[in-house]
Chemist: 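Quick one: the structure is below, questions incoming.
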Amino acid sequence: MSVAATSPSVGSFYLRRRSPSAPMSMPRFRMAVRSAAVSVTPLLTKLHNDSATPLPLLRHVADAMAADMRAGLAVEGGSDLKMILSYVDSLPSGNEEGLFYALDLGGTNFRVLRVQLGGKQERVIATEFDQVSIPKELMFGTSEQLFDFIASGLAKFAQKEGNKFHLPTGTKREIGFTFSFPVKQTSIDSGILIKWTKGFSVSGTAGKDVVACLNEAMERQGLDMRVSALVNDAVGTLAGARYWDDDVMVAVILGTGTNACYVERADAIPKLQGQVSSSGRTIINTEWGAFSDGLPLTEFDRDMDAASINPGEQIFEKTISGMYLGEIVRRVLVKMAEADALFGESVPEKLSTPFALRTPDICAMQQDISDDLQDVGSILYNVAGVESNLSARKIVVDVCDTIVKRGGRLAGAGIVGILQKMEEDSKGLIFGKRTVVAMDGGLYANYPQYRRYLQEAVTELLGTEISKNVVIELTKDGSGIGAALLAAANSHFTLNFASTMIRFILLQNRQGKTRLAKYYVPLEDSEKHKVEYEVHRLVVNRDPKFTNFVEFRTHKVIYRRYAGLFFSLCVDITDNELAYLECIHLFVEILDHFFSNVCELDLVFNFHKVYLILDEFILAGELQETSKKAIIERMGELEKLE
Ligand code: ADP
Ligand code: MG
């Protein structure tokens with residue numbers, strides 16, 4: 001019996017059945033519906049119309065996403081998109097070495113991971129991980145309860161560290177902490193929670209540093225580990241994927257919630273206001289879940305939003321992510337059950353329970369390709385408590401497909417929006433060559449129809465030619481390895497310098513421009529940038545009342561300021577500071593002698609000479625000569641040779 005027949009007020013008509021030879025514009029997506037016609041009720045038609053995502057709408061969404069990104073980069077609070085600075089300026093280089101932990105607090109699961117990194121040659125030597133689902137009550141508990149749960153999970157995991165893992169002596173276990181909620185980062189290892197999302201409502205976290213919360217919980221557990229990097233899950237995914245593939249420029253999470261991040265040029269971030277990024281680039285965490293412009297929303301979305309713990313917020317997330325797709329479908333089915341008696345006279349209580357139908361359920365229903373939709377029937381019975389005939393099952397599958405299609409296509413449009421913005425800023429950067437979008441999250445990983453709809457929207461928007469350059473790829477180990485790599489890259493212990501005395505000498509202006517840099521230890525360019533960035537921040541921000549010696553990682557920096565220029569030397573903790581202060585002063589005196597009243601521009605225009613002078617008294621990291629007279633004489637002789 002068709003649904004319409006049971007409900008005389010509702011007219012019914014049948015979709016024309018596709019003949020096997022007819023061109024199939026969308027053959028694969030209708031798997032479960034193809035075997036026979038669906039009786040289309042006005043409610044279903046309205047749902048189709050309200051949630052339709054034709055190309056012009058997708059285009060609008062992509063354009064609006066790009067525009068919102070710009071607005072969010074211009075000023076703090078400039079758009080729905082927070083465009084958060086990640087403080088990840090250099091991506092993993094491949095040289096990372098040692099034992100590192102990662103801890104991932106998602107929306108559904110909590111994961112712990114350890115990895116032994118072996119540098120360029122060996123890469124990932126060993127990994128182990130464990131996963132626990134987050135008990136519901138902790139989502140509404142106190143901050144202590146949640147973080148104690150995490151720390152105790154970590155403690156248990158850390159106890160089982162086998163002999164494949166080895167911690168270098170003199171170091172502590174370090175953690176990359178992936179925290180998949182909007183956080184205002186204040187440095188690579190600290191950040192304040194902006195708000196809970198994905199149904200969480202934990203008390204006692206407002207305005208608190210989430211790393212401090214975790215550290216305190218670890219202390220309560222007697223766990224001697226430290227967080228070296230606080231990482232958003234999208235950022236971790238980007239870092240992890242980039243470790244294997246240099247073409248990765250964007251990472252997108254489609255799991256319980258959703259988010260995206262990408263590699264941005266520092267000079268394209270007006271709100272950075274001169275703060276230097278060591279590499280000239282930085283990862284921006286868009287927090288795109290908050291996007292809302294031009295989305296095709298239905299009454300069911302509005303009702304779900306109104307009933308949520310964060311009404312009016314995270315609208316994009318509520319339209320496209322795993323936590324919500326099943327719930328939207330459930331709301332549609334309740335309405336159909338009430339208005340059209342889709343499942344008979346009454347509406348079972350189970351079906352009326354919010355979030356009773358989960359996204360994995362609707363996914364499973366869409367995989368049923370049997371003629372009688374047996375699986376659909378049993379899922380409906382088991383999770384929603386409803387008896388269904390074939391006609392009702394077909395409608396259910398159609399509803400699932402409609403909501404998933406909208407979600408996948410809008411996610412695709414969002415991705416194009418990001419790519420478009422990057423391409424507009426640097427022509428050819430994205431579309432002119434292979435570009436990888438790294439994907440992670442249970443929704444994307446497990447829902448084939450969602451994946452296909454997403455890809456289809458990207459191809460429609462970019463055209464077949466350009467979309468060949470855009471590779472959307474599920475990451476192989478998610479954000480965990482990425483977070484561990486970022487912990488390694490920001491390790492407090494591993495500045496593997498050789499045993500020379502002076503590690504490097506830097507001459508920087510107040511704005512952070514490095515005018516001279518001499519390294520006596522082998523460092524990769526990206527690491528040099530990082531060192532320069534960190535040293536600059538360290539010395540510039542230091543109160544002049546303090547000493548001119550400051551700890552830097554496992555070493556110390558001796559610095560001296562001359563007008564707007566900072567001269568910094570990095571030496572061993574045990575080295576004599578005063579000797580090096582004298583050494584800096586000597587260097588400045590010699591410069592002054594040669595350029596009579598040396599200024600910054602002299603150094604810029606005569607850098608070769610400056611390096612020559614430097615080489616006269618420091619060679620291979622050792623002080624060679626401390627007599628000003630001797631150096632000046634020797635320089636004079638060198639000048640004669642020129
Ligand atoms: P998180 O890191 O937020 O905990 P995950 O990346 O582990 O999330 O993804 C979990 C989410 O993925 C679930 O909430 C669900 O929405 C979705 N999901 C998991 N399994 C499936 C599945 N088989 N089909 C569709 N969606 C799924
Ligand atoms: Mg996650």
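We count ligands from 1, going down the list as the structure has it; atoms in each ligand are counted the same way. Quick caveat, the model's predicted, so the values are computed rather than measured.
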Chemist: Can you see whether Tyr243 has Arg123 sitting over its ring - NZ or CZ less than 6.0 Å from the centre and within 45° of the normal?
Modeler: yes
Chemist: What is the closest protein heavy atom to atom 17 (C) of ligand 1, and at what distance does it sit?
Modeler: Leu443 N, 3.7 Å
Chemist: Both conditions, 6.0 Å and 45 degrees, for the charged tip of Arg114 above the ring of Phe157: are they met here?
Modeler: yes
Chemist: Using a strict cut-off of 4.0 Å, indicate which atoms of ligand 1 neighbour a heavy atom of Gly106.
Modeler: 1 (P), 2 (O), 3 (O), 4 (O)
Chemist: With the side chain counted from C-beta on, respond yes when Leu380 and Phe343 share a heavy-atom pair under 4.5 Å apart, and no when they do not.
Modeler: yes
Chemist: What atoms in ligand 1 come closer than 4.0 Å to a heavy atom of Tyr447?
Modeler: 25 (C)
Chemist: Would you please classify the geometry between the Phe110 ring and the Phe149 ring as parallel, tilted or perpendicular, with 30° and 60° separating the classes?
Modeler: tilted
Chemist: Provide, to 0.1 Å, the distance between atom 6 (O) of ligand 1 and the closest protein heavy atom, together with that atom's residue and name.
Modeler: Gly442 N, 2.8 Å
Chemist: Does Arg111 reach ligand 1 with a nitrogen or oxygen that is under 3.5 Å from one of the ligand's nitrogen or oxygen atoms?
Modeler: yes
Chemist: To which of Cys363, Gly107, Gly255 does the heavy atom nearest atom 1 (P) of ligand 1 belong?
Modeler: Gly107
Chemist: Among protein heavy atoms, which lies nearest atom 10 (C) of ligand 1, and at what distance?
Modeler: Thr256 OG1, 3.6 Å
Chemist: Tell me which protein heavy atom sits closest to atom 22 (C) of ligand 1, plus the residue, atom name and distance to 0.1 Å.
Modeler: Asn446 CB, 3.3 Å
Chemist: Provide, to 0.1 Å, the distance between atom 26 (N) of ligand 1 and the closest protein heavy atom, together with that atom's residue and name.
Modeler: Thr359 CG2, 3.7 Å
Chemist: Inspect the surroundings of CD in Glu387 and state if more than 12 heavy atoms from other residues, nucleotides or ligands are less than 6.0 Å away.
Modeler: no
Chemist: Closer than 4.0 Å to some heavy atom of Gly441 - which atoms of ligand 1 meet that?
Modeler: 6 (O)
Chemist: Does the N or O separation between Gly322 and ligand 1 drop below 3.5 Å for any pair?
Modeler: yes
Chemist: Give yes or no for whether the N/O distance cutoff of 3.5 Å, strictly under, is met between Thr108 and ligand 1.
Modeler: yes
Chemist: Purely on distance, is any nitrogen or oxygen of Lys198 under 3.5 Å from one on ligand 1?
Modeler: no
Chemist: Any side-chain heavy atom of Phe179 sitting closer than 4.5 Å to one from Leu193?
Modeler: yes
Chemist: Going by distance alone, is a donor N or O of one side chain under 3.5 Å from an acceptor N or O of the other, for Tyr101 and Glu161?
Modeler: yes
Chemist: Would you call the rings of Trp196 and Phe200 parallel, tilted or perpendicular, where under 30° means parallel and over 60° means perpendicular?
Modeler: parallel
Chemist: Answer with yes or no whether the side chains of Thr298 and Ser51 bring together a donor and an acceptor at under 3.5 Å.
Modeler: no
